[in-house]
There are 2 protein chains.
Amino acid sequence: MYSQSEENYLKVIFTLQKAEEAPVNTNLIAEKLSTKASSVTDMIKKLSAKDLLSYKPYQGVKLTETGRSIALKVLRKHRLWEFFLVDKLHYKWDEVHEIAEQLEHVKSDSLIDKLDYFLGLPKYDPHGDPIPDKDGNFAGEELISLKNMEIGERGILKGLKDSSNVFLKYLDRKNMVIDDQIEVVDIEKFDQSVLIKTNWETFYISEQVAKNLLIKRMNDEL
Amino acid sequence: MYSQSEENYLKVIFTLQKAEEAPVNTNLIAEKLSTKASSVTDMIKKLSAKDLLSYKPYQGVKLTETGRSIALKVLRKHRLWEFFLVDKLHYKWDEVHEIAEQLEHVKSDSLIDKLDYFLGLPKYDPHGDPIPDKDGNFAGEELISLKNMEIGERGILKGLKDSSNVFLKYLDRKNMVIDDQIEVVDIEKFDQSVLIKTNWETFYISEQVAKNLLIKRMNDEL
DNA sequence: AATATTTTTTAGTCTTATCTAAATTTATTT
DNA sequence: AAATAAATTTAGATAAGACTAAAAAATATT
Ligand SMILES: [Mn+2]
Ligand SMILES: [Mn+2]
Ligand SMILES: [Mn+2]
Ligand SMILES: [Mn+2]
């Protein structure tokens, strides 16, 4: 069994490792966990001694297979609980993260699989993030940032790069939800803002917003 | 916000205080929490400094109103989660306590009320223990121990004094569940064992078992 | 190549919650 | 009323996880 703190480190390192390919550095981890670099070094040593990650001083860390599989389990729990909170308790998508941060640490071999079944084996959490299954396999669709789409292309909003509450609330105000169809109508040369057309309206979003929307391209042949 | 440890102390002191009326003594708390008396003294001082209980050295402790209301909240959470685990995830009643011990410490003002509503505002947990409502009010029925019933009396099994897994499994083997009707057919003079009649069979239970079954008397006029 | 800056690690401290062993207080016997 | 036993508290230690300040290593700049 691993402590809450250990689990949080593994989870954060996993997501950082996913984003950048290189070894994950101390300061980044510290920032994501709102702690200090020295604390990170301490914990890194502990996790390294337990063979959950490999670590060369000053060279950053990389999860081992064991470390990765623990991180995936925590992520699975986090996302399933988020789904539960939204789908069954009718929370809004910007209200569930903090609660899931706590629920993800509940220890029980059977609990999460029973919850998964109860929820109908969902594939994505309320923010469009894929939920790893029992064996740690993701629903692997390659999503691209809306920023990388060209004029005329269409796709479906499937996930978010940024899931901060302030961004979630912005999307709420724009009435944008996961699974919306989106078409790129125009891209403003000056500031890279994007004119998009949803099922209901056509409006501009900033480059920063476009960057954080993950789209599943629609192949027009289907 | 209170730590898990603080919440566990308050909860245990509350239930002990309920059983015996006198101030709760150190050793009892230590035993219930599987810890040492010296640790209990330490924590007691901390809780006393926070005005959650009153404490005179060597004289045991008594919860303050604040302490009591926190204990009730924890109990409410514990029992609602147990209900969720049995009713929605289909756990058996002897499998839920350990998981609920963890879930009861999840912090969120809205979560437990939403869960309560989702579950249909249940009044009793799977072991027949009353679930305090939002304002800390119990469903107050006075239950009596089956041991105190007389020959010929009838009643309904509504709760257990002992909810240990070994007892719960015993009841499973006897096919006894909450809300069963029970009639006292005879009481053996020699060892106080009780011959009871349920809807399906008639059989003997030991005095010790009788002591731990809580019955709602059936007033025959209704 | 030498210097300056940034990143990371080490050293030492703190808090929370435990523990063991010893001292103290209260309760029970003789 | 002593003496003995039991319950409780104190004293001192330990472990996890965090922090600040200082040292060391790696990068970047002149
Ligand atoms: Mn989240
Ligand atoms: Mn999410
Ligand atoms: Mn329980
Ligand atoms: Mn219960």
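So you know, we letter chains A, B, ... as the sequences are listed, proteins then strands, and number each from 1.
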Please give, in whole Å, the distance from [N] [atom2] to [X] [atom1]?
| X | N | atom1 | atom2 | answer |
| --- | --- | --- | --- | --- |
| B/Ile29 | C/dT18 | CD1 | P | 13 Å |
| A/Tyr2 | D/dA16 | OH | P | 15 Å |
| A/Met43 | D/dC19 | CE | P | 11 Å |
| B/Lys50 | C/dT16 | NZ | P | 8 Å |
| B/Asn25 | C/dT25 | CG | C1' | 15 Å |
| A/Ile44 | C/dT8 | CD1 | P | 9 Å |
| A/Leu47 | D/dA16 | CG | P | 12 Å |
| B/Lys45 | C/dT16 | NZ | P | 15 Å |

Please name all residues satisfying ring-ring contact (aromatic ring centres under 6.0 Å, His included) with B/His97, sequence neighbours left out, ordered by chain then number. B/His78
By ring-ring contact (aromatic ring centres under 6.0 Å, His included) - contacts of B/Phe84 (at least two apart): A/Phe84, B/Trp81
Does some side-chain heavy atom of B/Val177 sit less than 4.5 Å from a side-chain heavy atom of B/Trp93? no
Classify B/Thr26 by what it touches in the nucleic acid, base, sugar-phosphate, or nothing, heavy-atom distance under 4.0 Å. sugar-phosphate
Side chain of B/Thr35, heavy atoms from C-beta onward: which of D/dA18, D/dT9, C/dC19 has the nearest atom to it? C/dC19
Is any side-chain nitrogen or oxygen of B/Asn27 closer than 4.0 Å to OP1 or OP2 of D/dT8? yes
OP1 or OP2 of C/dT16 less than 4.0 angstrom from a side-chain nitrogen or oxygen of B/Ser3, does that happen here? no
Would you say B/Lys107's side chain and B/Tyr2's backbone share a donor-acceptor pair under 3.5 angstrom? yes
Partners meeting side-chain contact (heavy atoms from CB on, under 4.5 Å) with B/Ser69 (sequence neighbours left out): none
Give the residues of residues 52-64 of chain B touching DNA chain C, defined as any heavy atom closer than 4.0 Å, sorted by residue number. B/Tyr58
Name all residues meeting the salt bridge (charged side-chain N to carboxylate O under 4.0 Å, His left out) criterion together with A/Glu207; count only those two or more places apart in sequence or in a different chain, and write none if there are none. A/Lys147
Go through the structure and list residues passing salt bridge (charged side-chain N to carboxylate O under 4.0 Å, His left out) with B/Glu188, not counting sequence neighbours. none
Produce the list of close N/O pairs, under 3.5 Å, pairing protein atoms with atoms of nucleotides 20-22 of chain D; give distances to one decimal.
residue, atom, partner, partner atom, Å
D/dT20, OP2, A/Lys36, NZ, 3.1
D/dT20, O4, A/Ser38, OG, 3.0

Going by side chain to side chain donor-acceptor pair (under 3.5 Å), name the residues that satisfy it together with A/Arg76, two or more places apart in sequence or in a different chain. A/Asp113, A/Asp116
Write out all pairs satisfying salt bridge (charged side-chain N to carboxylate O under 4.0 Å, His left out) with one or both partners inside residues 48-67 of chain A, taking only residues at least two apart or from two chains. A/Glu6-A/Lys50
